[in-house]
Structure formats: structure tokens, C-alpha cells
Visitor: 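Can you read through this structure? Questions will come right after.
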Protein chains: 2
Amino acid sequence: MIQLTPAEESYLKAIYHISDGGKRSVSTNDISFQMKTKPASVSDMLRRLGEKEVIEYRKYYGVNITEEGKKLALQTIRKHRLWEVFLVEKLRFSWDEVHEVADELEHIKSKLLIQRLDEYLGFPKFDPHGDPIPDEYGDVRSRPRLTLSELDINATGQLVAVKDSSAAFLRYLDKVGAYIGARIKVLDKVEFDGSVEILVDNKKTIFMSKDVAGNVLVMV
Amino acid sequence: MIQLTPAEESYLKAIYHISDGGKRSVSTNDISFQMKTKPASVSDMLRRLGEKEVIEYRKYYGVNITEEGKKLALQTIRKHRLWEVFLVEKLRFSWDEVHEVADELEHIKSKLLIQRLDEYLGFPKFDPHGDPIPDEYGDVRSRPRLTLSELDINATGQLVAVKDSSAAFLRYLDKVGAYIGARIKVLDKVEFDGSVEILVDNKKTIFMSKDVAGNVLVMV
DNA sequence: ATTTATTTTTCGATTAGGCTAAAAAAGTTA
DNA sequence: TAACTTTTTTAGCCTAATCGAAAAATAAAT
Ligand SMILES: [Mn+2]
Ligand SMILES: [Mn+2]
Ligand SMILES: [Mn+2]
Ligand SMILES: [Mn+2]
């Protein structure tokens, strides 16, 4: 089995995410933006990841993740999300506090640790942001999801995930009372600015701007 | 507050342990042996730790840990031992499986994580090997301990810790039925080879070689 | 007091990961 | 097609952490 350094794992995970699970090829600039490193550093890393054959690297034309790369990326994602569940469920972290810590914890190398953690958490299928947790073989049970913006008036659904996991966005959702699992109904959509009015759990009405609604994922 | 890299934290922790909490000065070779790195690498690291003023470094004459260094080392030790408790108590690791994983986990940088972990574990005072867990200010409630070899015939006590945390040693203790917390009584001591015969929990009699008895710590 | 042995440091390399500045390739516009 | 813009790569440099070989300092033995 190929061994990756923590930095290599992080880059590969970023490539996996940006490529939407390997569906699209990814540019140096996109990776640079996501990783907050300079394009020059990315080029260097791409050469190394290419040598390890976890990506296919054609200079100047972006990269594609290989099957081997996908597997490894999914293992890192699995660890990241399991740790996020642990932090929220067991250590009372709020969902906007977990990401940075999980970004460190995901690189701990111990098969047993992750197996046992998974078991200890009761084999969770989704992380605190509603993202699916790959199993130990990298299989993901993904659900069809739409953004809140895509729903029509009077459509109902359940809030199942968020596209943006930034602390600012998550705290905003907390403030307005939106949470993973909430039953929602679209009461109104404003054509003009793309904002929506939704009813949460048949109780509370909340307004969301286009930006917010576009980052909230629902299952119908 | 001074920021140390993971490697610097590990070296400082080693220096703290070898110096017995700062009581003795420590040689390059000793550190090299403990860290399993070459003396050349140690010299280089000592220069860096000296610059950060966590040790006092006089070339050719070994190092002494500073007060600041002690504080930082104790924080790393605290994290290491809390993670060990977590692995054993929550994830069903055995006491011989925790050390390597804890050596990685101890470098995760999050104040909140350690506070919450401590709370979640019920503020444990000792790790799975009987070693005391420093509090968040670095205070250690240490107990007077003797090795089993130092007890006289008919002396009684409680097995409270082990000097050697190697997997081989711990598995040997498991096999013979010795464990932290066991009540013991010395039944016989053999002058010739330094071995001892002890009664565990008034039930089981076990024989221990000098080497083993010298690594088992008891409170009388 | 020399000589010998041991310990420690220095020197020169290497690998991983980052940076800036400059060069080169690709893409776009005229 | 040529010129300009954007993207990407290369080149050179830096820090951290490691190593082996050689030099230097200290310690031990004659
Ligand atoms: Mn995350
Ligand atoms: Mn997440
Ligand atoms: Mn340990
Ligand atoms: Mn321990």
C-alpha cells in the first residue's frame, strides 16, 4: 500500500473534493485556492502525487485522480468525518468548531483506532454537516440532494446537509434555527433576489438570502 | 507562548523523562538512544531547543530543562496520558497498544479538545500504566512508589504503576495476571537471582524475575 | 603527561514542504 | 496571425528534520 505524508493526504483530499469525486479534472489554481498555498507549491506537490500514481498529471492541463487516489482520499475523508462525529457527539463541540481539529486528527495513522472509533460511535453514516461517511472499503451511501434554492414554492423536504462548512455560515444557521434533520417547507420565493422564505418543523418561519439557500441541501 | 513543532515536543518530553523531571542533566547520547535518532540529529535539535529557551544547552556538557521547558513538556505528557486513558477506557485498547497512537495524538493542537477530553474521561488522575496525569497547570500529584524488588518478605502493597511500558513487558504482566490496582504480598525473595514470589489479591501466586520485579511499582 | 577511547559537534547531503521571481505555455482578443 | 493576458511551471532559496562521515572536544588509561 502506498504511504502518503500528511500534506500529500490533504492535497489529495482537496483534489477529490474539487473534482467532485473524480468526475472532473482539477486545475493548479483551484487547488492553490482551496489549500491556501501558492500555485508554485501546488505544481511541486502534483509532481510528487503523480509519481506516487494517485493522480494523473499532465503538465499545464490539470490533474485527474486515479482509482488508487480515490481510495486513499476516501479513507482520509472517512477519518475526518468520524472524528467530527466524535467531537460533536462525545465532546460537545458545536458543528462550527470541528473542522480544523478534524483536519489534524484525520492524519493519525492507526487502522485499529478508526475501526474502534467507528464502532464506539455506533457506525454513524453521516457527519455533523450531513456529509456521508465512507465505509472502510470507501463505499459511500450518497443521497440525492437539492439546494434549497432549487425547490419550488410549497415543496417540502428535510434539511440534510450543508455545502459550506465555514464557522461563519454554520453559526448563522444556528442563529436562525436551521439544523440538520429539520423538516422544511418553501413558503415563498423571491424572483428578484433569489431569496426564499421557509417554514421549519411547521413552527418557525425563516428568511434566507440566495447565498444561504444555495448552500443548504435538502432531500425531498 | 512559545510554539514547538511536533518533533521539538517529542524531544523535550524525552529530555523531561530522562532528567527525571529536570532533576538531572541529560547527555546527547541518552537522548539519541531514547529517541532512536542519531547523535548528530540530537545536537542539531538541542541547538534549536536552546534557542527557544526550553532547555539550557552548554555544548559538550549536556542539557538541563528550563522552567518554561518543564511546563511545555508536562502539557505534552498530559495530552499523551489523557489519550491513553481514552484509548483504553473508551476504545477498548489494551494497555500495550496505546503508546504509539498516543505519541501521535499528543501533538494535536487544540486547548478545547484536551479540556473536553479530560472532562469526558471524568478527570482521570492516572493513565493505564499508573502514571500520574498532570493538570492543566502542569501540577502532578505524585505518589511515593517502590519497585517490587525493594519490598521485604511479607510486605504488602498495591501494584500502582509500571516503569517499562513496552508491549512485550505489558503483555507478560497480562499473562501472569498482574495488573494496576492489584493487592500484592511478597511471599518469598530469592537472594541468588533477585527473583520474587508474590501473592496477588490473596488468590494467585506468581513468580517474577529480578528484571520484571524491578519494573513493577508498588505503593505500600 | 601522553596516548587512546568515547562522546559530541560540525559539515555536507537529502527529503518534504513552503515561498518569490522569472520563464514558459496556454488561452484570449484584436 | 500577432499581441496581450492568464495560468502554470521552473529555478532558486528557506526551514525542519533526518543521516553519514569527519573533526573536535572531553574523558579514561597508561
Ligand atoms: Mn470538515
Ligand atoms: Mn464535515
Ligand atoms: Mn505512553
Ligand atoms: Mn502511559
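Chain letters run A, B, ... following the sequence lines, proteins first, then strands; residues in each count from 1. FYI, side chains are in, hydrogens and waters are out, and symmetry mates aren't considered; it's all heavy atoms of this structure.
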Visitor: Report the end-to-end axis angle of the helix from C:dA1-D:dT30 to C:dA30-D:dT1; each axis comes from five terminal pairs, and the value is rounded to 10°.
Guide: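 Inter-axis angle at the ends, rounded: 10°.
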
Visitor: Is any side-chain nitrogen or oxygen of A:Y57 closer than 4.0 Å to OP1 or OP2 of D:dT9?
Guide: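 Yes, A:Y57 has a side-chain N/O under 4.0 Å of OP1/OP2 on D:dT9.
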
Visitor: Has B:R116 got a side-chain atom pairing as donor or acceptor with A:L91's backbone, closer than 3.5 angstrom?
Guide: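 Here the side-chain-to-backbone pair exists.
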
Visitor: Please report the C-alpha distance between B:H99 and B:H80 in whole Å, then the side-chain angles of each, then the deciding distance to 0.1 Å, and finally whether the ring-ring contact (aromatic ring centres under 6.0 Å, His included) criterion is met.
Guide: CA-CA 8 Å; B:H99 191 75; B:H80 182 98; 4.7 Å; yes

Visitor: At under 4.0 Å between heavy atoms, how does the protein contact nucleotides 13-21 of chain D? Give one character per nucleotide, 5' to 3', with B, S or -.
Guide: ---SSBBBB

Visitor: Is it the case that A:D44 and A:S41 place a side-chain donor and acceptor less than 3.5 Å from each other?
Guide: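 Short answer, no.
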
Visitor: For nucleotides 24-27 of chain C, tabulate all protein N/O to nucleotide N/O atom pairs closer than 3.5 Å, reporting atom names and distance.
Guide:
{"residue": "C:dA26", "atom": "OP1", "partner": "A:Y61", "partner atom": "OH", "Å": "3.3"}

Visitor: For the residue pair A:T5 and A:H107, confirm or rule out a side-chain donor-acceptor distance under 3.5 Å.
Guide: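 Side-chain D/A pair, A:T5 to A:H107: absent.
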
Visitor: Please work out which of the three classes, parallel, tilted or perpendicular, describes the rings of B:H129 and B:W95, given edges at 30° and 60°.
Guide: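 Parallel, since the angle between the ring planes stays under 30°.
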
Visitor: Supply the atom-to-atom distance A:N64 CG to A:S25 OG, rounded to the nearest 0.5 angstrom.
Guide: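 So the CG of A:N64 and the OG of A:S25 are separated by 5.0 Å.
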
Visitor: It should be established whether A:N29 places a side-chain nitrogen or oxygen under 4.0 Å from OP1 or OP2 of nucleotide D:dT6.
Guide: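 The answer is no; no side-chain N or O of A:N29 sits under 4.0 Å from OP1 or OP2.
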
Visitor: Is B:R58 close enough and on-axis enough to B:Y61, meaning under 6.0 Å and within 45°, for cation-pi?
Guide: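 Yes.
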
Visitor: B:S43 near the nucleic acid: base, sugar-phosphate alone, or nothing, with a heavy-atom cut-off under 4.0 Å?
Guide: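 Base, at least one base heavy atom under 4.0 Å.
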
Visitor: Looking only at side chains, do B:S209 and B:D211 share a donor and an acceptor under 3.5 Å apart?
Guide: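 The answer is no; no qualifying pair exists.
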
